[in-house]
Amino acid sequence: EPVAILKAAHIEFPPGASANYDREKRLLQVKNTPANLELIHRYLDRLADTDPSILQFTVNIYEAPADLVRDGLSKMAPGADEDNMLDVLSKDPTRWIAALRLATSSGRRASSEAVEEIYSQSPPAAPVVVSTSANEGREHEPANQSFPVTGTGPASYQETHNHGLRLEVDPTLTYSSNYVSLTLSLDYDTAAPEPVDLSYSNLPSSEMITVRQWRHHHVAYQTNTGIVPGTTRLIAVWKPTGKPVEGRNVLQFATLHCS
């Protein structure tokens, strides 16, 4: 909180005084006495003259037998140190899948991604018959005719799908530098997208049109949390879908390390 940080810098807030920070505009709004406002200006000037602390965040994705993960979660008390449980989960038969690391400073949003571009060829469209009523005998208006569209229709085309891991963080280091308040967004594709070709009847011709759609296997996680620098936290657990995990009794989980 801005008031708590400024009070820790020995700046008084008498009755009626306030301080608010707009994270989107990165704007600090303060209501205080002229003397205290001058102290705040000097305090902010001193902060601007120092380099912000660099924070490094590492996300690791693991896969483990579902029973092992559930047992570990059941033994983890809220707010307890997670290092012991993570040490157990990181050993056999747990399998490491992916990792992503980024570095930023307090108050600066950052994002990173490790994705693979998957190219696919869609099938050509089926023949289509288009029929409209005649509109003859009117000047300056185009005549509509009944006509067949022959051939195979539009040619096949390529599509691109990104598959991988994406991370965005917006950290704020507290005044004492021993805790990081964090807005985190994690996106992970548990499997490559799968094409699904659907056929539709083009009435009234009864011709079939094939349309390609895609089934995505995706996990999206967003939260406001906190982490102590030098520690690792378990941030999400999910049941993966798609090949090759279908039919297997496994869970995947993500850990976050801050340094």
Side-chain angles (χ1 to χ4, degrees), residues 55-104 109-118 161-174 178-196 213-259:
L55 300 169
Q56 293 189 30
F57 297 94
T58 304
V59 165
N60 282 282
I61 309 294
Y62 298 93
E63 181 180 288
D67 293 340
L68 176 65
V69 178
R70 294 191 186 99
D71 184 60
L73 291 175
S74 66
K75 295 178 180 178
M76 186 176 67
D81 185 1
E82 301 174 5
D83 289 343
N84 292 335
M85 191 200 75
L86 293 175
D87 285 342
V88 174
L89 291 180
S90 62
K91 298 176 182 178
D92 289 337
T94 298
R95 183 172 68 93
W96 174 87
I97 301 176
L100 191 61
R101 174 179 293 181
L102 62 81
T104 185
R109 182 180 302 169
S111 62
S112 181
E113 63 179 21
V115 298
E116 174 189 7
E117 289 188 343
I118 299 176
H161 301 267
N162 290 331
H163 167 67
L165 175 62
R166 290 158 291 273
L167 175 67
E168 180 177 287
V169 296
D170 189 359
T172 301
L173 189 64
T174 61
N178 61 358
Y179 189 79
V180 178
S181 178
L182 181 68
T183 300
L184 179 143
S185 175
L186 174 70
D187 293 273
Y188 178 63
D189 299 299
T190 62
E194 301 173 6
V196 179
Q213 298 182 352
W214 292 87
R215 180 182 293 115
H216 292 269
H217 305 279
H218 182 70
V219 175
Y221 178 75
Q222 295 180 337
T223 187
N224 294 318
T225 185
I227 189 170
V228 176
T231 64
T232 302
R233 288 202 55 188
L234 177 69
I235 57 174
V237 180
W238 61 85
K239 174 66 176 178
T241 61
K243 299 178 181 179
V245 296
E246 288 182 349
R248 297 169 54 198
N249 187 25
V250 296
L251 292 175
Q252 294 178 353
F253 59 94
T255 65
L256 176 71
H257 180 79
C258 174
S259 58

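Put simply, the side chain of S259 does not reach to within 4.5 Å of the side chain of F57, judged on heavy atoms. Here the side chains of T225 and I235 are not in contact, with every heavy-atom distance at 4.5 Å or above. In this structure the side chain of Q252 reaches within 4.5 angstrom of the side chain of Y188, judged on heavy atoms. Between T172 and V180 the shortest side-chain heavy-atom distance does not fall below 4.5 Å. Using a 4.5 Å heavy-atom cutoff, the side chains of V245 and T190 are not in contact.
Atoms CZ and OG1, on F253 and T94 in that order, are 5.0 Å from each other to the nearest 0.5 Å. To the nearest 0.5 Å, the span separating CD1 on I227 from OH on Y179 amounts to 9.0 Å. From L102, atom CG reaches atom CG of L167 across 5.0 Å, with rounding to the nearest 0.5 Å. Between the OG atom of S112 and the CZ atom of R101 there is a distance of 11.5 Å, given to the nearest 0.5 Å. Atom OG of S181 is separated from atom CG of L173 by 10.0 Å, given to the nearest 0.5 angstrom.
A donor-acceptor pair under 3.5 Å links the side-chain atoms of D189 to the main chain of G164, judged by distance alone. Proximity of a side-chain donor or acceptor of Y62 to a complementary backbone N or O of T255 within less than 3.5 Å is not detected. Side chain of K239 to backbone of V250: a donor-acceptor contact under 3.5 angstrom is found. Side chain of R233 to backbone of G226: a donor-acceptor contact under 3.5 angstrom is found.
Pairs engaging residues 59-68 under the salt bridge (Lys or Arg N to Asp or Glu O under 4.0 Å) rule: E63-R95, E63-R248, D67-R70 [sequence neighbours left out]. Residues in residues 178-187 take part in no salt bridge (Lys or Arg N to Asp or Glu O under 4.0 Å) pair, two or more places apart or across chains.
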Problem set entry | side-chain hydrogen bond (donor to acceptor under 3.5 Å, both in side chains) assessment of E194 paired with H217 | CA-CA 9 Å; E194 301 173 6; H217 305 279; 3.3 Å; yes
